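Model, not experiment: these values are computed from the prediction.
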Amino acid sequence: MFPLLDPELEIMTQITVLSLGGGLQSTVIAEMALDENHPLPAPDWMVHSDTGAESEMTQATIARIGELCEAKGVNFAIVSNTNVNQPIHEYYLERGIIPMPKNAQCTMKFKIQPIHSFVQTHVDKSLPKPWVEMQIGITTDEAHRQRESERKYIKNTYPLIEMNISRRQARNWMIENRPDIQVAKSGCFHCHYQGAKEWAKLRRNNPELFAIAREMEEAAKANGLRNWGLFRGKSISIFDHQGITLENWGMDFEMQPGDVDCRAEGGCFL
């Protein structure tokens, strides 16, 4: 576990970068920073790390913010893991594995490393560290998730917490100031942390993506993995049947106390 962030520590950095996941919190930071009537200053860069498996709404959110950055003269970039050079679901399929709780391959390979590699190309490495102030979208109700960066050249900051904004307040800000814009929780379509309702919705609305997730499971099963199911170790095939609901299944598959939800904004960046 990384050490807790010391809010009293004043450190000079060369550039400020918003780690833009495309979910509610990071989108609110971007919108505030790009709003000339809001006091939050724009970062030097807004950077999105694309896993190749983002939802359509996340892609739309990122594209819109990219257009706003261009109009406002703010640097914007979409990065990916050039060493892997394939979408995350293809990475798992090819290896006959699936993402599992506390498996850092999703986070490290496809979210953290690409952004870290990118920011290092925009700093003077001869100067003292940290070089980068990394803005992360976490609200006051998740303040316990603040952490210092594991990289000495990065200082993590949390603008929404500094402004004392909760997730509800962030949602209300979007409703009041951007009523025509919808923002969904960011995350890969095959995320192993999503609940029953989200899997059922994926099957109903995006059957082609649901089929890819099933293919991932079958590849992992054929490879001999013990917990080869994407749904809490269970196969998502339970959602192949029409009419299945939480009620008639008779169990609660939602997040339990103590579970780690990397789909929550910021989780893929810490």
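- Contacts of Thr121 classified as side-chain hydrogen bond (donor to acceptor under 3.5 Å, both in side chains), with partners at least two apart in sequence or in another chain: none.
- Separation of atoms CD (Glu133) and CD1 (Ile15) is listed at 10.0 Å; rounding is to 0.5 Å.
- In terms of the side-chain hydrogen bond (donor to acceptor under 3.5 Å, both in side chains) criterion, residue partners of Ser166 (sequence neighbours excluded) are, by chain and number, Gln169.
- A search for side chain to side chain contact (heavy atoms under 4.5 Å, CB included) contacts involving Ser235 returns Arg214, Glu217, Trp228, Ser237, not counting sequence neighbours.
- The side-chain hydrogen bond (donor to acceptor under 3.5 Å, both in side chains) search around Asp141 returns Thr139, not counting sequence neighbours.
- For Asn164, the side chain to side chain contact (heavy atoms under 4.5 Å, CB included) partners at least two apart in sequence or on another chain are Thr140.
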Exercise answer: donor-acceptor pairs, residues 60-74 side-chain atoms, under 3.5 Å, sequence neighbours excluded:
unit_1: Thr61; atom_1: OG1; unit_2: Met57; atom_2: O; d: 3.0
unit_1: Arg64; atom_1: NH1; unit_2: Glu31; atom_2: OE2; d: 2.3
unit_1: Arg64; atom_1: NH2; unit_2: Glu31; atom_2: OE2; d: 3.2

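- Residues meeting the salt bridge (charged side-chain N to carboxylate O under 4.0 Å, His left out) test with Asp35, sequence neighbours left out: Arg178.
- The distance between the ring centers of Phe110 and Tyr91 falls below 6.0 angstrom.
- Take Lys125 and apply the side chain to side chain contact (heavy atoms under 4.5 Å, CB included) test, not counting sequence neighbours, and it matches Gln120, Val123, Trp131.
- At least one donor-acceptor pair closer than 3.5 Å links the side chain of His48 to the backbone N or O of Leu20.
- Sorted by first and then second residue, the pairs that involve residues 42-59 and meet salt bridge (Lys or Arg N to Asp or Glu O under 4.0 Å), not counting sequence neighbours, are Glu54-Lys111.
- Residue Glu208 qualifies as enclosed at atom CD: its count of foreign heavy atoms under 6.0 Å is above 12.
- Residue pairs meeting the side chain to side chain donor-acceptor pair (under 3.5 Å) criterion with at least one member in residues 75-89, sequence neighbours excluded, are Gln86-Arg95.
- The existence of a salt bridge linking Lys201 and Glu198 is excluded, since no basic side-chain nitrogen approaches an acidic carboxylate oxygen closer than 4.0 Å.
- For Phe118, the ring pair (Phe, Tyr, Trp, His ring centres under 6.0 Å) partners two or more places apart in sequence, or in a different chain, are Trp45, His122.
- The hydrophobic cluster containing Val28 also contains Ile181, counting ILVMFWY residues as joined when their side-chain heavy atoms lie under 4.5 angstrom apart, directly or transitively.
- In this structure, the side chain of Tyr158 engages the main chain of Arg147 through a donor-acceptor pair within 3.5 Å.
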